[in-house]
Amino acid sequence: MLRIMLLTLLLTLTASVSAKNKKDGADIQPDNYYPRVKLTTTMGEIVVELYRRRAPITVNNFLTYVDTGSYNNTIFHRVVPGFVVQGGGYNTDLEEKVSFGEIFNESGNGLKNTLYSIAMARQNDPHTATRQFFFNLNDNTSLDPGKDWGYTVFGTILEGEDVIEAISEVETEYEITLNAPHAPKESVILKKAEILPPL
């Protein structure tokens with residue numbers, strides 16, 4: 001009996017330490033409910049404001065990728081004019097980047113997929129978002145939740161709407177390596193993502 005109690009205590013302490021060591025982004029500017037991130041691309045700079053109050057899991061996840069430099073030198077691999085510009089998942093050699101795991105879908109937070117908002121990409125399963133994100137180039141109501149889960153909006157563009165519009169106009173083609181349509185013929189690179197100081 002004593003051995004079982006000691007084993008249970010050990011497992012509880014181990015789980016507690018693991019939880020404390022887990023980096024989920026909550027420790028990045030923890031008192032800032034509207035962190036800003038600057039994305040420096042080969043076509044100009046974009047500054048986004050993130051809505052941590054409405055989408056804390058998603059914002060913290062995004063900040064983790066930014067803070068670790070994991071978005072640096074990635075490409076925007078999907079450009080659909082009037083719909084979305086998507087990136088964050090592949091490096092310049094078209095290799096898939098490592099993810100930190102799937103996150104819970106927060107699409108029911110009241111934020112809509114409106115023009116210039118930023119949202120998380122995912123697979124068909126609602127809780128499969130990892131690192132890929134997209135900018136809405138229109139009011140994409142079809143991506144909002146209804147009877148089914150939607151796509152989680154977690155911020156909006158503060159500066160650089162002209163840059164995202166310019167990216168939306170690049171020539172695209174079918175990319176065999178990625179098995180993906182709508183890939184820019186000339187790579188549009190996210191050279192650096194950085195967290196800006198609080199206002």
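Both Leu94 and Ile189 are members of a single hydrophobic cluster when ILVMFWY side chains are connected at heavy-atom separations under 4.5 Å. Cluster membership for Met43 and Leu137, using ILVMFWY side-chain heavy atoms within less than 4.5 angstrom, is shared. No continuous path of hydrophobic side-chain contacts links Val85 to Val153 [ILVMFWY only; heavy atoms under 4.5 Å]. Clustering ILVMFWY residues whenever any of their side-chain heavy atoms sit less than 4.5 angstrom apart, transitively, puts Ile118 in the very cluster that holds Val188. Residues Phe133 and Ile103 are members of separate hydrophobic clusters, defined by side-chain heavy-atom contacts under 4.5 angstrom among Ile, Leu, Val, Met, Phe, Trp and Tyr.
Taking 4.5 Å as the limit, every side-chain heavy atom of Val170 sits out of range of all side-chain heavy atoms of Glu186. Taking 4.5 Å as the limit, some side-chain heavy atom of Tyr116 sits within range of a side-chain heavy atom of Ile164.
Met120 and Ala129 get closest at one heavy-atom pair: CB-CB, 4.0 Å. Of all heavy-atom pairs between Pro197 and Arg36, the closest is O-NH2, 2.7 Å. Between Val79 and Pro184, the closest heavy-atom pair is CG2-CG, 3.7 Å.
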Can you give me every donor-acceptor pair (side chain of residues 71-78, partner residue at least two apart or in another chain, under 3.5 Å) with its distance?
{"unit_1": "Tyr71", "atom_1": "OH", "unit_2": "Arg131", "atom_2": "O", "d": "2.7"}
{"unit_1": "Asn72", "atom_1": "OD1", "unit_2": "Ala193", "atom_2": "N", "d": "2.9"}
{"unit_1": "Thr74", "atom_1": "OG1", "unit_2": "Tyr71", "atom_2": "O", "d": "2.7"}
{"unit_1": "His77", "atom_1": "NE2", "unit_2": "Gln132", "atom_2": "OE1", "d": "3.3"}
{"unit_1": "Arg78", "atom_1": "NH1", "unit_2": "Gln86", "atom_2": "OE1", "d": "3.0"}

Return a table of donor-acceptor pairs under 3.5 angstrom between the side chains of residues 55-63 and protein atoms on other chains or two or more places apart.
{"unit_1": "Thr58", "atom_1": "OG1", "unit_2": "Glu106", "atom_2": "OE1", "d": "2.6"}
{"unit_1": "Asn60", "atom_1": "OD1", "unit_2": "Arg52", "atom_2": "NE", "d": "2.9"}
{"unit_1": "Asn60", "atom_1": "OD1", "unit_2": "Arg52", "atom_2": "NH2", "d": "2.9"}
{"unit_1": "Asn60", "atom_1": "ND2", "unit_2": "Pro56", "atom_2": "O", "d": "3.2"}
{"unit_1": "Asn61", "atom_1": "ND2", "unit_2": "Thr130", "atom_2": "O", "d": "2.8"}

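Judged as a ring-ring contact (aromatic ring centres under 6.0 Å, His included), not a single pair has a partner in residues 27-51 (not counting sequence neighbours). Residue pairs meeting the salt bridge (Lys or Arg N to Asp or Glu O under 4.0 Å) criterion with at least one member in residues 37-51, sequence neighbours excluded, are Lys38-Glu45, Lys38-Glu194.
Remark: side-chain polar atoms of Asn136 are not paired, donor with acceptor, to backbone N or O of Asn138 under 3.5 angstrom. Of the possible polar contacts, none joining the Asp93 side chain to the Glu95 backbone as a donor-acceptor pair under 3.5 Å is found. A side-chain donor-acceptor contact under 3.5 Å links Thr64 to the backbone of Gly25.
Residues that satisfy the side chain to side chain contact (heavy atoms under 4.5 Å, CB included) test with Glu173, not counting sequence neighbours, are Lys185. Applying the side chain to side chain contact (heavy atoms under 4.5 Å, CB included) criterion to Asn105, with sequence neighbours excluded, gives Ser107, Arg122, Pro126, His127, Trp149, Thr152. With sequence neighbours excluded, no residue satisfies salt bridge (charged side-chain N to carboxylate O under 4.0 Å, His left out) with Glu169. Partners of Asp31 under the side chain to side chain contact (heavy atoms under 4.5 Å, CB included) rule, at least two apart in sequence or in another chain, do not exist in this structure. By the side chain to side chain contact (heavy atoms under 4.5 Å, CB included) test, Asp139 is found to be paired with Thr114, Leu115, residues two or more places apart in sequence or in another chain being considered.
The hydrophobic cluster containing Leu158 also includes Val47, Leu196, under a criterion of side-chain heavy atoms closer than 4.5 Å among ILVMFWY residues, counted directly or through chains of members. Cluster partners of Phe83 are Val80, Val84, Phe134, Leu143, Tyr151, counting Ile, Leu, Val, Met, Phe, Trp and Tyr whose side-chain heavy atoms approach within less than 4.5 Å, directly or via other members. Hydrophobic cluster membership of Tyr174, counting Ile, Leu, Val, Met, Phe, Trp and Tyr whose side-chain heavy atoms lie under 4.5 Å apart directly or via other members: Ile176.
In this structure, CD1 in Ile28 is found 8.5 Å from CG in Asp24, a value given to the nearest 0.5 Å. How far CZ of Phe100 is from OG of Ser70: 5.0 Å, rounded to the nearest 0.5 Å. How far OG of Ser168 is from CZ of Phe135: 12.5 Å, rounded to the nearest 0.5 Å.
For CG of Asn124, the number of neighbouring non-hydrogen atoms (other residues, nucleotides, ligands) closer than 6.0 Å is 12 at most. Within 6.0 Å of NZ on Lys192 lie no more than 12 heavy atoms contributed by other residues, nucleotides or ligands.
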Exercise for the section: Take Leu50 and Val48, measure what side-chain contact (heavy atoms from CB on, under 4.5 Å) needs, and give me the verdict at the end. Expected result: CA-CA 6 Å; Leu50 309 179; Val48 293; 3.9 Å; yes
Practice task
Could you give me the CA-CA distance, side-chain angles and deciding distance for Thr141 and Asn113, then say whether side-chain contact (heavy atoms from CB on, under 4.5 Å) is met?
Solution key: CA-CA 6 Å; Thr141 56; Asn113 283 273; over 6 Å; no
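Checked by atom type, the side-chain pair Glu175/Tyr90 shows no donor-acceptor distance below 3.5 Å.
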